[in-house]
Novice: 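Let me give you the structure first, and then I'll get to my questions.
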Amino acid sequence: MKTGIFVGSFDPFTIGHQAILDRALPLFDRIVVGVGVNERKNYMQSTDIRVRTIAHLYRNEPKITVKAYSDLTIDFAARENAHYIIKGVRSIKDYEYEREQADINRSIGGIDTLFFYSDPQFAAVSSSMVRELAHFGKDISEFLPTDK
């Protein structure tokens with residue numbers, strides 16, 4: 001079974017995340033969405049809300065499961081028997097950061113990372129931008145997935 005993990009904080013899960021996950025879906029028998037938990041970060045949404053939101057969006061897709069994790073991505077991948085990490089890249093800045101992470105994950109964990117370049121209309125959409133808009137009371141609904 002070909003299993004990939006799609007990992008991130010997903011605080012919140014945006015239309016950009018959804019687009020990447022939807023594009024990766026046909027390539028795998030199973031995708032585990034890993035909602036990262038880092039005790040050093042302050043989140044807008046609780047872990048439970050982030051997991052439930054994504055699980056609800058994909059409730060009719062049996063190939064997708066959603067789980068929280070708080071250890072290294074390579075350890076999460078090993079527990080899920082995943083051989084691929086799925087990552088979205090919006091810009092050259094994202095690429096440089098993600099490439100370094102991919103190199104380390106491959107070196108230490110023997111796991112490959114597949115990069116999906118963002119669709120142009122989603123290149124400016126990031127969770128941090130959405131959080132900033134929400135903080136200042138702006139409507140963020142256009143950046144969040146709608147129910148399928």
Novice: What residues, two or more places apart in sequence or in another chain, satisfy side chain to side chain contact (heavy atoms under 4.5 Å, CB included) together with Glu61?
Specialist: Leu25, Tyr58, Lys63, Ile64

Novice: Can you list the residues that meet the side chain to side chain contact (heavy atoms under 4.5 Å, CB included) rule with Asn38, with sequence neighbours excluded?
Specialist: Arg40, Lys41, Tyr43

Novice: Tell me the salt bridge (charged side-chain N to carboxylate O under 4.0 Å, His left out) pairs involving residues 113-122, sequence neighbours left out?
Specialist: Arg23-Asp119

Novice: Tell me, which pairs form a ring-ring contact (aromatic ring centres under 6.0 Å, His included) where one or both residues lie in residues 112-145, sequence neighbours left out?
Specialist: Tyr95-Phe115

Novice: With sequence neighbours excluded, tell me which residues meet side chain to side chain donor-acceptor pair (under 3.5 Å) with Thr73.
Specialist: Tyr69

Novice: For Thr113, enumerate each residue passing the side chain to side chain donor-acceptor pair (under 3.5 Å) test, keeping only those at least two apart in sequence or located in another chain.
Specialist: none

Novice: Who pairs with Ala68 by side chain to side chain contact (heavy atoms under 4.5 Å, CB included), at least two apart in sequence or on another chain?
Specialist: Val37, Thr47, Val51

Novice: Once side chain to side chain donor-acceptor pair (under 3.5 Å) is applied, do any residues pair with Arg131, and if so which ones, sequence neighbours excluded?
Specialist: none

Novice: Which residues pass the salt bridge (Lys or Arg N to Asp or Glu O under 4.0 Å) test with Glu98, not counting sequence neighbours?
Specialist: Lys87

Novice: Tell me every residue that passes side chain to side chain donor-acceptor pair (under 3.5 Å) with Glu132, counting only those two or more places apart in sequence or in another chain.
Specialist: none

Novice: Checking Ile108 now: which residues fulfil side chain to side chain contact (heavy atoms under 4.5 Å, CB included) with it, not counting sequence neighbours?
Specialist: Ile74, Ile104

Novice: Listed by chain and number, what are the salt bridge (Lys or Arg N to Asp or Glu O under 4.0 Å) partners of Asp48, not counting sequence neighbours?
Specialist: Arg52

